[in-house]
Q: 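Here's a structure for you.
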Amino acid sequence: QPQLVESGGGLVQPGGSLRLSCAASGISISINAMGWYRQAPGKQRELVANITAGGRINSADSVKGRFTISRDDAKNTMYLQMNSLKPEDTAVYYCHTFIWSSSRVDYWGKGTLVTVSS
């Protein structure tokens with residue numbers, strides 16, 4: 001049973017940095033696309049960035065130049081380096097992947113809270 005566990009969230013001042021981790025088990029991230037999503041209070045969940053098994057990266061315009069997604073296949077872990085954080089980055093950040101079999105199956109972590117405030 002695939003599991004995704006996020007960590008690294010917390011309270012940060014504007015302009016600060018955080019590094020989020022997503023530890024995967026029961027699935028090899030080396031052969032799967034992975035992504036970070038976030039959901040702020042009262043808003044819909046949105047894509048932050050994703051990375052394919054081949055290493056192609058896509059990021060939301062709101063985080064380009066500030067956030068960097070990466071993957072360590074040996075550790076079966078995905079990361080999100082967040083720099084120059086803004087109050088509007090405050091949200092619960094979720095790790096995500098999906099698998100194609102007879103149909104598409106999506107897997108989500110429980111999320112880690114990032115709060116950017118003075």
Side-chain angles (χ1 to χ4, degrees):
Q1 182 69 21
Q3 288 187 329
L4 303 172
V5 181
E6 304 94 337
S7 62
L11 175 63
V12 194
Q13 293 185 331
S17 298
L18 280 176
R19 182 178 175 86
L20 305 183
S21 298
C22 172
S25 61
I27 185 174
S28 176
I29 69 170
S30 66
I31 59 173
N32 287 278
M34 304 285 294
W36 287 99
Y37 290 73
R38 67 185 181 187
Q39 187 167 22
K43 296 185 177 181
Q44 296 185 17
R45 189 172 300 184
E46 64 176 356
L47 173 70
V48 177
N50 57 22
I51 181 169
T52 69
R56 185 169 64 252
I57 294 172
N58 180 63
S59 301
D61 289 341
S62 60
V63 307
K64 286 182 177 177
R66 300 188 299 120
F67 292 8
T68 302
I69 189 172
S70 63
R71 186 182 67 226
D72 188 331
D73 293 344
K75 296 181 178 180
N76 215 35
T77 301
M78 180 178 64
Y79 304 96
L80 183 68
Q81 178 66 47
M82 304 185 295
N83 299 324
S84 302
L85 283 161
K86 304 175 181 179
E88 51 263 44
D89 294 319
T90 296
V92 176
Y93 285 71
Y94 297 92
C95 181
H96 169 263
T97 191
F98 69 91
I99 298 174
W100 282 108
S101 54
S102 58
S103 62
R104 172 168 166 160
V105 180
D106 292 87
Y107 296 93
W108 296 89
K110 294 182 179 180
T112 185
L113 176 63
V114 173
T115 302
V116 185
S117 176
S118 298

Q: Same cluster or not: Y37 versus M82, using hydrophobic residues (I, L, V, M, F, W, Y) connected whenever any side-chain heavy atoms lie under 4.5 Å apart?
A: no

Q: According to the ring-ring contact (aromatic ring centres under 6.0 Å, His included) rule, which pairs have a member within residues 3-33, sequence neighbours left out?
A: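 Of all non-adjacent pairs touching residues 3-33, none passes ring-ring contact (aromatic ring centres under 6.0 Å, His included).
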
Q: What side-chain donor-acceptor pairs closer than 3.5 Å can you find for residues 93-100, not counting sequence neighbours?
A:
from	atom 1	to	atom 2	distance (Å)
Y93	OH	R38	NH1	2.9
Y93	OH	D89	O	2.7
H96	NE2	D106	OD2	2.8
T97	OG1	A33	O	2.7

Q: Applying side chain to side chain donor-acceptor pair (under 3.5 Å) as the test, list every pair that has at least one member in residues 4-25; sequence neighbours left out.
A: S17-N83

Q: For residues 108-118, which side-chain N or O atoms pair as donor and acceptor with protein atoms under 3.5 Å away, sequence neighbours left out?
A:
from	atom 1	to	atom 2	distance (Å)
T112	OG1	G9	N	3.1

Q: Is there a side-chain contact between Y107 and Q1 in this structure, where contact means two heavy atoms from C-beta onward sitting under 4.5 Å apart?
A: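 Yes, side chains in contact.
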
Q: For D72, enumerate each residue passing the salt bridge (Lys or Arg N to Asp or Glu O under 4.0 Å) test, keeping only those at least two apart in sequence or located in another chain.
A: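 Salt bridge (Lys or Arg N to Asp or Glu O under 4.0 Å) list for D72, sorted by chain: empty.
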
Q: When you look at CD of E88, are more than 12 heavy atoms from neighbouring residues, nucleotides or ligands closer to it than 6.0 Å?
A: yes

Q: Suppose the criterion is side chain to side chain donor-acceptor pair (under 3.5 Å): which pairs have a residue in residues 48-58, not counting sequence neighbours?
A: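 Every candidate side chain to side chain donor-acceptor pair (under 3.5 Å) pair involving residues 48-58 fails, so no pair, neighbours aside, qualifies.
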
Q: Who are the side-chain contact (heavy atoms from CB on, under 4.5 Å) partners of A49, not counting sequence neighbours?
A: S59, I69

Q: Mind checking side-chain hydrogen bond (donor to acceptor under 3.5 Å, both in side chains) for S30 and listing every partner two or more places apart, or none if nothing turns up?
A: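 So S30 forms a side-chain hydrogen bond (donor to acceptor under 3.5 Å, both in side chains) with S28.
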
Q: Locate the shortest heavy-atom distance separating M78 from I29; write the atom from each residue and the value.
A: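 Scanning both residues completely, I find the closest heavy atoms to be N-CD1, 4.3 Å.
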
Q: Considering residues at least two apart in sequence or located in another chain, which fulfil the side-chain hydrogen bond (donor to acceptor under 3.5 Å, both in side chains) criterion with K86?
A: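 Testing K86 for side-chain hydrogen bond (donor to acceptor under 3.5 Å, both in side chains), a comparison that skips the adjacent residues, returns none.
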
Q: For residues 59-82, which residue pairs pass the ring-ring contact (aromatic ring centres under 6.0 Å, His included) check, not counting sequence neighbours?
A: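 Sorted result for residues 59-82: empty, none.
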
Q: Is V92 reachable from L85 through a run of hydrophobic residues whose side-chain heavy atoms are each under 4.5 Å from the next?
A: no

Q: Please collect all disulfide bond (SG atoms under 2.5 Å apart) contacts where either partner lies in residues 28-78, sequence neighbours excluded, each pair once.
A: none

Q: Do I57 and L20 belong together in a cluster built from hydrophobic side chains that touch within less than 4.5 Å?
A: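 Hydrophobic grouping puts I57 with L20.
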
Q: Once you round to the nearest 0.5 Å, how far does CE of M34 lie from OG1 of T77?
A: 8.5 Å

Q: Which residues pass the side-chain contact (heavy atoms from CB on, under 4.5 Å) test with A60, sequence neighbours left out?
A: S62, V63

